[in-house]
Amino acid sequence: MGTAKRSQQSSPFAERVYAIVRRIPPGRVTTYGRIARAAGLTRSARMVGWLLHEAPADVAAVAHRVVNRNGELTGGWAWGHPSVMRALLEEEGVTFVDEYRVDLERHLWEPEDEFSERS
DNA sequence: CGATTGACCTCCG
DNA sequence: GCGGAGGCCAATC
């Protein structure tokens with residue numbers, strides 16, 4: 001396979017993010033910052049979102065469980081419309097405190113912060 | 001090759 | 001407690 005590369009250079013940080021996202025249980029939600037911190041890069045939450053945009057199908061299948069620090073469906077438009085992601089979350093039993101805001105106090109899932117480095 | 005944007009967050013005033 | 005600015009890495013124009 002000569003053409004087995006492109007931009008999918010599977011960065012160590014990317015694989016770490018994908019691994020964490022895949023470990024997100026149903027009915028549970030996490031935040032980009034939480035994943036970024038668990039991956040080792042606390043201030044690189046932006047890249048997490050971009051990675052999810054280029055993420056494989058298995059990761060994208062659970063990407064709707066990833067929300068921002070506010071619990072808002074910031075990436076809802078990635079599915080075409082936030083209502084789609086909201087429906088998926090509701091299907092898993094996730095409640096919403098607002099139209100597009102999940103109850104983090106109720107479904108916030110914290111990844112294994114083995115690599116979490118504090119300042 | 002340089003500048004801008006991006007599924008965002010943290011720090012500082 | 002709230003607001004603004006910086007940061008971080010990569011992709012796209």
Side-chain angles (χ1 to χ4, degrees):
Chain A
M1 322 200 322
T3 60
K5 265 193 240 107
R6 289 193 193 279
S7 311
Q8 301 279 327
Q9 283 276 330
S10 304
S11 198
F13 173 72
E15 298 212 2
R16 201 121 359 156
V17 172
Y18 293 148
I20 296 171
V21 174
R22 279 184 212 145
R23 283 169 188 171
I24 301 176
R28 218 55 52 114
V29 275
T30 185
T31 68
Y32 300 97
R34 248 355 121 107
I35 298 171
R37 181 148 62 119
L41 294 176
T42 312
R43 304 173 177 168
S44 301
R46 289 176 99 176
M47 221 187 330
V48 180
W50 179 87
L51 287 173
L52 288 176
H53 199 182
E54 294 289 316
D58 52 319
V59 177
V62 295
H64 64 259
R65 295 172 190 155
V66 184
V67 294
N68 66 345
R69 199 53 179 105
N70 252 338
E72 298 178 53
L73 281 46
T74 50
W77 295 99
W79 280 269
H81 202 269
S83 61
V84 181
M85 184 159 64
R86 183 169 70 93
L88 291 170
L89 291 170
E90 287 189 312
E91 282 290 313
E92 298 189 348
V94 178
T95 53
F96 285 72
V97 297
D98 271 334
E99 192 65 19
Y100 298 107
R101 192 180 240 177
V102 302
D103 197 336
L104 292 177
E105 291 287 304
R106 206 168 159 169
H107 303 283
L108 177 58
W109 176 80
E110 300 191 30
E112 302 171 351
D113 45 330
E114 296 179 56
F115 302 91
S116 104
E117 45 174 300
R118 297 223 194 162
S119 18

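This structure is a prediction, so every number in the text was calculated from the model and none was measured. First the proteins, then the strands, lettered A, B, ... as listed; each starts at 1.
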How far does the P atom of C:dG3 sit from the matching atom of B:dA7, given to the nearest Å?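 Comparing P positions in C:dG3 and B:dA7 gives a spacing of 24 Å.
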For the residue pair A:H107 and A:E92, confirm or rule out a side-chain donor-acceptor distance under 3.5 Å.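 On atom types as modelled, these side chains do not qualify, holding no pair under 3.5 Å.
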Rounded to whole Å, please give me the gap between [atom1] in [X] and [atom2] in [N].
| X | N | atom1 | atom2 | value |
| --- | --- | --- | --- | --- |
| A:F13 | C:dC9 | CZ | C1' | 9 Å |
| A:W50 | B:dT5 | CH2 | C1' | 13 Å |
| A:I24 | B:dA7 | CD1 | C1' | 13 Å |
| A:I35 | B:dC9 | CD1 | P | 10 Å |
| A:Y32 | B:dA7 | OH | P | 9 Å |
| A:R37 | C:dC9 | CZ | C1' | 20 Å |
| A:L51 | C:dA10 | CG | C1' | 9 Å |

Linking I/L/V/M/F/W/Y whenever any side-chain heavy atoms sit under 4.5 Å apart, do A:L41 and A:W50 land together?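 The answer is yes; both residues are in one hydrophobic cluster.
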According to a 4.5 Å side-chain heavy-atom criterion applied to Ile, Leu, Val, Met, Phe, Trp and Tyr, with indirect links allowed, do A:M47 and A:V17 form part of one hydrophobic cluster?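 Yes, A:M47 and A:V17 fall within the same hydrophobic cluster.
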Which nucleotide in the set C:dA10, B:dA7, C:dC8 lies at the smallest distance from any side-chain heavy atom of A:S44?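 Of the options given, the side chain of A:S44 lies nearest C:dC8.
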Specify the closest pair of heavy atoms between A:E72 and A:V67, including all atoms of both residues, with the distance to one decimal.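 Shortest heavy-atom contact: O-CB, 3.7 Å.
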For the student: nearest non-hydrogen atoms of A:G75 and A:Y32, plus distance: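 Reported closest heavy-atom pair: N-OH, 4.4 Å.
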Which of residues 68-86 of chain A have a heavy atom under 4.0 Å from DNA chain B?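 Hits under 4.0 Å, by residue number: A:N68, A:R69, A:T74, A:G75, A:A78, A:W79.
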Does A:R46 get its side chain close enough to the base of B:dC9, under 3.5 Å, for a donor-acceptor pair?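 For A:R46, whose side chain was compared with the base of B:dC9, there is no donor-acceptor pair (under 3.5 Å).
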As a test of understanding, state which of A:L73, A:V97, A:L108 forms a side chain to side chain contact (heavy atoms under 4.5 Å, CB included) with A:V102.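 The single option meeting the side chain to side chain contact (heavy atoms under 4.5 Å, CB included) with A:V102 is A:L73.
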